[in-house]
Amino acid sequence: MLDNAFRGGKRYWLLLGFWVLVILAGLWAYGQQLDEGLSVTGLSRDVTWGLYIAQFTFLVGVAASAVMVVLPYYLHDFKAFGRMVILGEILAVSAVTMCALFIFVDLGQPRRVLNVLLHAAPNSLMFWDMIALMGYLLLNLVIGAVTFDAERKGAPPPGWVKPLILLSIPWAVSIHTVTAFLYSGLAARPYWMSAILAPRFLASAFASGPSLLILLALILRKTTRFDAGKEAIQKLAVIVTYAMVVNVFFVLVELFTVLYGNMPHHLEPFAYLFGIHEVSKLAPWMWTSAALAVACVVLLLCPAVRRREGLLALLCVGVIAAIWIEKGMGMIVAGFNPSPFGKITQYTPTVLEVLITLGVYGIGFLILSVLYKIVVSVRERAEAA
Amino acid sequence: MRDKPLIVVGLIVGIALLTFPLWYAPAAGSAARPPEPKVPEGKCVEDREYMRAHHMELLNQWRDDVVRQGKKDYRSQDGTVYEMSLTRTCLDCHADAGDAETVSAGADHPARRGPAFCLECHDYANVEVICWDCHLEP
Amino acid sequence: MDKSRRSFLKKAGYLAVGAGCGFPLLGAAGRALQGDHGPQEPTGTQWGMLIDVKKCLRKDIRQACSDACHRVHNVPTILDEKGKLNPEEEVKWIWSETYEHAFPDQDHRYTADSLKGQPVLVLCNHCSEPPCTRVCPTAATWKRESDGLVMMDMHRCIGCRYCIAACPYGARSFNWRDPREPDEAGSLRHFGGAQKLPSSFPARTKGVVEKCNFCAERLRDGGEPACVEAARGVPGGEGALVFGDLSDPDSEISKLLREKHTICRRASLGTGPNVFYIV
């Protein structure tokens, strides 16, 4: 089964070669960061987390969204997801790997990262996040490999995999909840300290993750003979729609509390994000994200629009972009602005920071490409036979 | 066996490459000489054999005792009491006079990696010492 | 291979993996449960500080405090490439902020003229319920039981900066670069071009967080914090900073706290700061 990763046409090797180039650029940039310290980034004493942690937050959501395929298929026997499930599990593996890497490149002393396990601190959410993410990675690797291998052999999967699959469902929800708890337990950051942060994270995850899955399934159908199925894609589109509705609703709910409550500590981060009082580099991004989110959700609510796969793909891109901006850049940086002393500090990622980020994405997409190639090759051979 | 000469040549080249680390340095005269740290006068916290084997654990223990427990005194195996301090106790004897100024200087300065006494063995064994990323010499 | 041998090998494999993973995990769990407490005499001390804001309006007193602290602990003054002060990468342990920024919960539209926009000394509050120690994934920062100090273990810090996110007082600084990096002449760029560091206190390296430590190393030798000593050294600065054991009802600080009206920063957050201000 795994030998399929080493056998491929020109397009496959070109794709891998492209990812490798991106990774090499990222590695070079990371070398600079290791040498000089995190001053090569645009981070500062006040805005102490930025692009890396933003990507981590967004990708944990993507990883968790695999549950949206696993749950219907395994728990409710929704057969249409038969070919989609493995795609979702592989996406989860790739996303969790990227999450771990983004945390790693954000550390000031990365060689000490194992201290988190050696000197376990159960009071810290970051400790639990590490446990949850590593466990989820392991779960998805084992479940994906075992179930796909069994299917390839034409036999049912071994019995012991079923409890693991059942475990992966609440575990997926928990990884994103734990990540939300990282932020929502900090009294120092009023923008984050909201009970609705965890539900918001999950809603946006279940909108952005399946959107990405739809795009990947459409790409696979275009470039290979692997077809995840029209019905599967349509069902995912419905999931994206409702998740996005809930996400937008949650944001409106938060806006009400903040605007009606009128407390300066809660109002100021929102004012900063949307450039209400003073110029903010983030404002154009946030307004775009808001407009995109509303436009996409309104359009997605029309079944006729969802059925046109070209339009659906466009809307998925819009959903991903809107959530990536809002959950990534917006959420992290707004948590730090204004600072405990009321100061606004602008944050712009540097070129090195972007290169390192792209390098990590390169690693994630390399893993994704290789694992998808295995699945596609096995399927194509099975269908030809 | 027409390939015999090729095989023999290949074997010789292969073995030479594999054993390269063993013979190159002595042949070129650039072999590292075994370390000879300049042992200062007086008595160390523990005896030489113990320190050779355990100085890393001792330093780690001191680090935890001082930083995490707030302790100060260490009773050595022969009963003498020392202050647990890398800078004030260890370097009192093991720092070279010439190290002081250069060790405070910037990151790339070679002497910044530590006193000559430590480097003598640590360079030879190629075990990186990160103490001097932060700790200073008097 | 016959069935029994196969199942034996499988069970042996599981046992090996289990023991291989299990023992280290048990060890880690044991240590986690024990915490980093170990044998410590529970003295019940809680160090605290009282700052007289009116006295500290004087620039020379506040400057003396910051200078003494930063000198004693080799705190760098981070400059950018052009040699100017770089506020984004600033490392500071004790400094001045305006009254409105130090006490955002107390500030209102009719703040007294004597306090409006006036500078106030701020530093780590060594809270009784520190949010920063709670979030640290490696316990590189923790509240010492023996004396109530919120300590930093620079050896263990992985530089994740979660504590900075958690601190409501902006008291912590991160080393974005190596503070001892040299300039073109080979001198210490962030220490005013000196050749040597001002003191023998271990400097820090890039990638770790630092903050005021209430001069733990001086307290251990029976001394007092450098800022308190420096303030007293300025003529007229006596009583500007008072330091003592809050759990001792007869200490000077406890008596003053009973007599005077004092406030602390962001009391409503429940962090229980141990630095108090007479306004």
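Sequence lines set the chain letters: A, B, ... in the order given, protein chains first and strands last, and positions in each chain run from 1. Worth saying up front: this structure is predicted, and the values here are computed from it rather than measured.
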**Message:** Determine whether E90(C) and I78(C) satisfy the following criterion, side-chain contact (heavy atoms from CB on, under 4.5 Å), listing intermediate values before the conclusion.
**Reply:** CA-CA 6 Å; E90(C) 217 175 347; I78(C) 302 286; 6.0 Å; no
**Message:** Assess the residue pair L241(C) and M49(C) against the criterion (side-chain contact (heavy atoms from CB on, under 4.5 Å)); give the C-alpha distance rounded to whole Å, side-chain angles, the decisive distance to 0.1 Å, and a yes or no.
**Reply:** CA-CA 7 Å; L241(C) 264 59; M49(C) 190 181 280; 4.1 Å; yes
**Prompt:** Looking at V67(B), L86(B), V66(B), which one has more heavy-atom pairs under 4.5 Å with chain C than the rest?
**Reply:** V67(B)
Which atoms of [X] approach chain B - backbone, side chain, both or neither, heavy atom under 4.5 Å:
X: M152(C); answer: backbone
X: D183(C); answer: neither
X: F201(C); answer: backbone

**Request:** Look up atom CD1 in I94(C) and atom CD1 in I51(C), then write down how far apart they are to the nearest 0.5 Å.
**Result:** 6.0 Å
**Prompt:** Is D153(C) salt-bridged to R63(B), cutoff N-O under 4.0 Å?
**Reply:** no
